[in-house]
Every structure is written in structure tokens, then in C-alpha cells.
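Below are the C-alpha cells for one structure; questions will follow.
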Amino acid sequence: MAALRTVAAANVIQCRLASNNANSIVISRPAVLSLRCTFPSVKALKQQRCLHAKPRGFTCRALYRPEIETKEENNPQTLDYRVFFFDKSGKKISPWHDIPLQLGDGVFNFVAEIPKESSAKMEVATEEPYTPIKQDTKKGKLRYYPYNINWNYGLLPQTWEDPSLANAEVEGAFGDNDPVDVVEIGERQAKIGEVLKVKPLAALAMIDEGELDWKIVAISVDDPRAPLVNDVNDVEKHFPGTLTAIRNWFRDYKIPDGKPANKFGLGDKPANKEHALKVIAETNESWAKLVKRSIPAGELSLA
């Protein structure tokens, strides 16, 4: 029997003024009952254009915060297992495209794919309609890591690492065609499909077979130690050895399968929070272009 789970959802609408176009807004797709937005005046916008100043952003706040339901279809650890997402009305939604990225005040939504201390390689099925979570396969067989992952692992919705875009800061590596990955270091084990509110702390620039695969290190804002950590140096202080352990885990996990170790850019060191936020902003822009079809989607599902 299919299992039904309800998880807390974050604001379903986000608005912003694009830095290069004073008339553009990015809005998440789920509907809301009411919305309060503050817009700059037309006169102010004209003055900004004349002065070549950076446009002021829209300030939006969703007043209606529905719940998201996740429904498991078929049995775990089978080829047909899927976790689908639904809004409160029962409409099927995509965890990649329909859950908003930003919540404001430096807090972001994180969709858990792999709970900490587990080894089944779960992932959002980016090529399937509504992008449910499934277990990854290789040559028709379910994939598992050679050992448990020690942190909650998942994605930032509404981000995309563009495979046509070379990153000059990271050896000219191209994006891996997936949403941005998150390693959440809190103490609680998340559930598959759970949506957590997190704050980014650092970033690791992993290069996997020549592709750039960012790992954003973050912590749930509900974790007891979240108030203690706000940047990369705080992680070293309050979670000693964690950043090295994360890097080493992702560097070495393919070695038991006879593959070479993954590499890391940026001097093999974790970047700070500012750099992590830059990565998130850039990949959100790439996602916006993808869903507007300004960039070919290939086999990716935009439903």
C-alpha cells in the first residue's frame, strides 16, 4: 500500500527583480491564496535606470503556507519505487521546480534525498514527469554507496548546474546537469522527501569525471547548534573535522568500484558562505533560463 507522509512546506511564492532587467520577476509556480508585495515606484525605477544603479528588489511575502504531501509508490529498494510530491489540494508538483528556493534572511529550502547513515543512492529523477525521488540505477541494478553517508544529502530546488557553462574558477569544468547538492550536517536524520529550512555555510567544488558538482554544506535552522554556525570557520570550530570528512567521503566513495578518486577545485579547500551564496544565485539563474526554455532542456523534465 502506498504510504502518505506530510511534511512542513515553506513559502510557495518568491519574487525578485532580476539584476539585469527591471521588469522581470521570477515566481514559483504553486498558487497562493493571498500575496503581499512591495514594488518600487515607476519614478524610482526610472531614476535608477538613469543613474545606472542596481535595481531595488521586490519584497514579497506569501500569506498562505500549505503543506506538502509525499506519497511513496511501490516498495523501497525496487526499480519502481518513487516518492511523489503533492500540494494541499492534491495536485502533483515537482520537488525540483515547484518548491521555492529562498525563504529570506539567508534561509533556503532543502529537499532530502538520502537520509544520513544510509547507503541507498536516492535522487530526484530529473528526466521523469514531476521529478519524483527514486533510487539510482546502473545497468538495470539499484545503486548503493559502498558505505553509509554520514550526513543528510539532497538538493536545493530551483537550481541547475548548466552543462554548457564552463566555470573559470574551477578548472573550466562544466556543470553536471543536475540541481545543486546539499550536505546537511545537523544531528537529526531527515526522511526521504522531507523539506528542511537550512542556512548555507560553505561550498566544496567537486570535479566528478570532469564535471563540476558543487556540494553546499548547510545546517537545518532547527538544529540545536545552528545558532553557533554562520560561516566556514564556525563549522571548523563547532563541528571539528566535518568539512575534511565530507571532502574525503566524496573524494573516495567511487574507489571501491575501481574508479579514480574525485578531485576538488578551489585549492582543495572549502569556500566560505559568501562563495556558497554566489554559487546558489548563479545556479538559480541557470534554472530560470532552463524553465523559460532559453536553454535547451534536452531530456530534462520541466513538468
Side-chain angles (χ1 to χ4, degrees), residues 1-14 26-32 66-102 108-115 120-143 153-164 175-182 190-196 211 213 283-303:
M1 178 181 294
L4 191 65
R5 182 165 69 247
T6 301
V7 297
N11 293 351
V12 297
I13 280 195
Q14 64 177 123
V26 174
I27 303 179
S28 301
R29 288 184 291 178
V32 296
E67 293 177 333
I68 292 175
E69 294 180 341
T70 58
K71 181 179 180 182
E72 296 176 306
E73 294 190 359
N74 302 307
N75 294 320
Q77 301 187 50
T78 65
L79 295 174
D80 296 327
Y81 177 72
R82 297 290 186 275
V83 178
F84 285 97
F85 290 68
F86 299 82
D87 66 16
K88 192 174 183 179
S89 71
K91 178 184 176 182
K92 189 178 287 186
I93 63 172
S94 163
W96 180 18
H97 301 306
D98 294 322
I99 295 176
L101 171 62
Q102 302 184 55
F108 297 81
N109 275 324
F110 157 68
V111 181
E113 296 168 302
I114 305 175
K121 194 175 185 304
M122 311 301 296
E123 64 179 17
V124 161
T126 57
E127 298 180 0
E128 296 184 13
Y130 299 103
T131 63
I133 294 175
K134 69 172 185 178
Q135 188 166 353
D136 191 22
T137 60
K138 184 176 182 180
K139 297 181 179 179
K141 295 184 179 180
L142 297 171
R143 291 187 66 188
Y153 189 54
L155 65 98
L156 287 175
Q158 298 186 341
T159 62
W160 179 57
E161 297 196 51
D162 185 350
S164 69
D176 71 348
N177 203 32
D178 282 324
V180 171
D181 296 327
V182 173
K191 298 177 181 179
I192 296 174
E194 186 173 1
V195 180
L196 301 180
E211 294 181 336
D213 188 3
T283 54
N284 175 243
E285 290 293 331
S286 293
W287 170 84
K289 292 176 183 177
L290 176 70
V291 295
K292 291 178 190 174
R293 292 171 172 78
S294 300
I295 298 174
E299 296 182 359
L300 296 175
S301 172
L302 302 183

*Heavy atoms only: give me the nearest S94-A303 pair and the separation to one decimal.*
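In this case the closest contact between S94 and A303 is CB-O, 3.4 Å.
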
*asked:* Checking D176 now: which residues fulfil salt bridge (Lys or Arg N to Asp or Glu O under 4.0 Å) with it, not counting sequence neighbours?
replied: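 In terms of salt bridge (Lys or Arg N to Asp or Glu O under 4.0 Å), with neighbours along the sequence ignored, D176 is linked to no residue.
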
Handout entry: I295 side chain reached by W160 side chain, heavy atoms, under 4.5 Å
Key =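 Answer yes - side chains close enough.
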
### Query
Has the side chain of T283 got a donor or acceptor atom that lies under 3.5 Å from a matching backbone atom of V180?
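No.
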
| field | Residues which pass side-chain contact (heavy atoms from CB on, under 4.5 Å) with S164, listed by chain and number, not counting sequence neighbours | value |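 side-chain contact (heavy atoms from CB on, under 4.5 Å) check on S164 returns D162.
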
Got F85 and I99 here, is their nearest side-chain heavy-atom distance under 4.5 Å?
->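 Sidechains of I99 and F85: in contact.
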
Of all residues at least two apart in sequence or in a different chain, which pass the side-chain contact (heavy atoms from CB on, under 4.5 Å) check with K141?
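Expected list: none.
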
Working to the nearest 0.5 Å, report the span between CG of D178 and OG1 of T126.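 Rounded to the nearest 0.5 Å, the CG-OG1 separation comes out at 5.5 Å.
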
Check side-chain contact (heavy atoms from CB on, under 4.5 Å) between A112 and all other residues, then give those that pass, not counting sequence neighbours.
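Per chain and number, A112 pairs via side-chain contact (heavy atoms from CB on, under 4.5 Å) with F110, A190.
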
inquiry  = Please give me the minimum heavy-atom distance between L300 and W96, naming the atom from each residue.
reply    =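 Of all heavy-atom pairs spanning L300 and W96, the closest is CD1-CH2, 4.1 Å.
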
Closer than 3.5 angstrom, by distance alone: can the side chain of Q158 be matched with the main-chain N or O of H97 as a donor-acceptor pair?
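Yes, because the side chain of Q158 sits within donor-acceptor range (under 3.5 Å) of the backbone of H97.
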
Checklist entry - Once you round to the nearest 0.5 Å, how far does CG of D87 lie from CD of E69? => result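 Going from the CG atom of D87 to the CD atom of E69 covers 8.5 Å.
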
Criterion side-chain contact (heavy atoms from CB on, under 4.5 Å) against I133, the qualifying member of V83, L155, I114: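 Of the listed options, the one satisfying the test is V83.
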
Original post:
Going by heavy atoms in the side chains, are W287 and L101 under 4.5 Å from each other?
Top reply: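 Answer no - side chains too far apart.
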
message = To check you understand the geometry: which heavy-atom pair defines the closest contact between L302 and A297, and what is its length?
response =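 Minimum heavy-atom separation between L302 and A297: CD1-CB, 4.0 Å.
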
Check your understanding: With respect to R143, which candidate in M122, K138, E123, Q135 satisfies the side-chain contact (heavy atoms from CB on, under 4.5 Å) definition?
Key ->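 Exactly one candidate clears the test, K138.
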
Going by heavy atoms in the side chains, are T159 and F108 under 4.5 Å from each other?
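Of all side-chain heavy-atom pairs linking F108 with T159, none is under 4.5 Å.
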
key: Separation between CG of L142 and NZ of K121, rounded to the nearest 0.5 Å   =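 So the gap between those two atoms works out to 12.0 Å.
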
*Using the side chain to side chain donor-acceptor pair (under 3.5 Å) rule, take S301 and T131 through it: C-alpha gap first, then chi angles, then the decisive distance, then the call.*
CA-CA 7 Å; S301 172; T131 63; over 6 Å; no

Under the side-chain contact (heavy atoms from CB on, under 4.5 Å) test, which residues partner F84, sequence neighbours left out?
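Here the qualifying residues are E73, R82, F86, K92, P132.
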
What distance do N177 atom CG and E299 atom CD have between them, rounded to the nearest 0.5 Å?
->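 Reported to 0.5 Å precision, the distance equals 9.5 Å.
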
Looking only at heavy atoms, what is the nearest atom pair of V111 and P95, with distance?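 Closest approach of V111 to P95: CG2-O, 4.1 Å.
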
Quiz item: Do the side chain of N74 and the main chain of D80 share a donor and acceptor less than 3.5 angstrom apart?
Solution: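 Such a contact is found between N74 side chain and D80 backbone.
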
Report task. Output all residues satisfying ring-ring contact (aromatic ring centres under 6.0 Å, His included) with Y153, sequence neighbours left out; order by chain, then residue number. Result ->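 So Y153 forms a ring-ring contact (aromatic ring centres under 6.0 Å, His included) with F250.
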
